[in-house]
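Residue numbering restarts at 1 for every chain, and letters A, B, ... go by the order of the sequence lines. Scope of the values below: all heavy atoms of this structure, side chains included, with no hydrogens, waters or symmetry mates.
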There are 2 protein chains.
Amino acid sequence: MARAGLAADVVVREAARVIDERGVNGLSLAVLADNLGVRIPSLYKHVDGMPALRRGVMLAAKKDLAEELASAAVGRSRDEAIGAIAHAYRQWALEHPGQYPMTMHAPAPGDDDDTAVSSALLEVIFRVLAGYGLEGDDAIDATRFLRASLHGFVALETGGGFAMPVDLDRSYQRLVTSIVTALNTWAE
Amino acid sequence: MARAGLAADVVVREAARVIDERGVNGLSLAVLADNLGVRIPSLYKHVDGMPALRRGVMLAAKKDLAEELASAAVGRSRDEAIGAIAHAYRQWALEHPGQYPMTMHAPAPGDDDDTAVSSALLEVIFRVLAGYGLEGDDAIDATRFLRASLHGFVALETGGGFAMPVDLDRSYQRLVTSIVTALNTWAE
DNA sequence: CCATGTGGCTAAGTTAGTTAGCCAAATGGC
DNA sequence: GCCATTTGGCTAACTAACTTAGCCACATGG
């Protein structure tokens, strides 16, 4: 039989595609195998079962999102940086609506790969907020505020929480403005 | 055989309990039947299968949350009302971490029950924001801002998005303060 | 006191993930 | 070039979960 020439990363990539198309629960080994032109058990030669496959997609997603945010923040600071990463953040989520929720879980203790890539994601935010000179508790609160606001909007948008999809761009812009205002007056 | 004396609402309530305990995907007919002292197929006499069961839990959850928020806002307005519903919102989510995500999806078009209960939920927010005299686009943006901020924080907290669970109360209070500030200067 | 509807049950089917074990295609040393 | 080994497919079979069919006993009400 002619070989399909699969490799672990090809399987993970296709799984990510399927997840974006049909949601996390829409991923099944059946469609995955079908899309890759292979029978179901063959997938086990490349991937260690469904949970491991999902974990692989999650790791790649966090990595990709972190890179996207870092790249958006390059050469910018403060309000400009916030605007840039906010835009990149929403953009990435809209392009990867299925993967997005997977990026929002803290790593399990002891999972070093996940810890590393999750730290990279947080690091981007920390470094942007560093520009506002926030320290200690203020820095923690502000980080949580920023993450919560961005995540809340994007989660509702991609998860179908907003019934009317009108003017979402404007509403998001308005949200970002409020965030920036809050950060500039945080220590008061 | 002695009857267990089940009823649809008992099954739904127990399902909600299980969901809060083990997450949405932790609900199985096996544990449900076991908890209720009954064999699996007997559940079908009260509930129309797994998807319908989840929908039942979702409807009850939205209803419960809406009532909780409405009750928190009674007799209060503006900043005080925001503070009260923000507190009630987080409280409810922490008490029902499994059900909470189920309350965040817009109703499917044509699902009248869901539409009704979802509207009730939004109505509470609208009426509180009405106190700020926001109209038209401002009202829409502010509603989305409020929902996004509260949801983002609570979703990250209950979904394990915040790695360090220290001082979350303070961070949330700080978030609410920022929301209130933003709402008071919204039209500027 | 029996006629009827209801709420349990067992048995069996379906779908999805998984494991075992086989076999052909690639690959690499000689 | 040839054979040994590894690799990547495969079929078959198992398990867990939801679901359906169909049976039977208990409760209820004329």
Does A:S28 have a side-chain nitrogen or oxygen under 4.0 Å from the phosphate oxygens OP1 or OP2 of C:dA16?
-> no

Which of B:D114, B:D111, B:D48 passes side-chain hydrogen bond (donor to acceptor under 3.5 Å, both in side chains) with B:R55? Answer is B:D111

Rounded to whole Å, the CG-P distance (B:L43 to D:dC18) equals 10 Å

On a heavy-atom basis, the closest approach of B:Y100 and B:W92 is CA-CZ3, 3.8 Å

Whole-Å distance, A:D34 CG to C:dA16 P, equals 12 Å

- Hey, does the side chain of A:H46 come within less than 4.0 Å of D:dT7's phosphate (OP1/OP2), counting only N and O? no

Regarding the side chain of B:R39, the nearest nucleotide among D:dG8, C:dT19, C:dC9 is C:dC9

Taken to the nearest whole Å, CG/B:L32 to C1'/C:dG8 is 15 Å

Comparing A:L29 with A:K45, nearest DNA chain C nucleotide closer to 5' gives the residue A:L29

When rounded to whole Å, the CG to P distance for the pair A:L36 and D:dC10 reads 11 Å

Between B:D169 and B:R90, does any side-chain N to carboxylate O distance fall below 4.0 Å? yes

Rounded to whole Å, the CG-P distance (A:D48 to C:dG17) equals 15 Å

In whole angstroms, the gap separating P of D:dA13 from CD1 of A:I40 amounts to 16 Å

- request: State whether A:S42 places a side-chain N or O below 4.0 Å from either non-bridging phosphate oxygen (OP1 or OP2) of D:dG8.
  value: no

Here the distance between atom P of C:dA16 and atom CG of A:N25, to the nearest Å, is 13 Å

Residues A:L175 and A:S149: closest non-hydrogen pair is CD2-O, 3.7 Å

Atom CE of A:M50 and atom P of C:dT19 are separated, to the nearest Å, by 14 Å

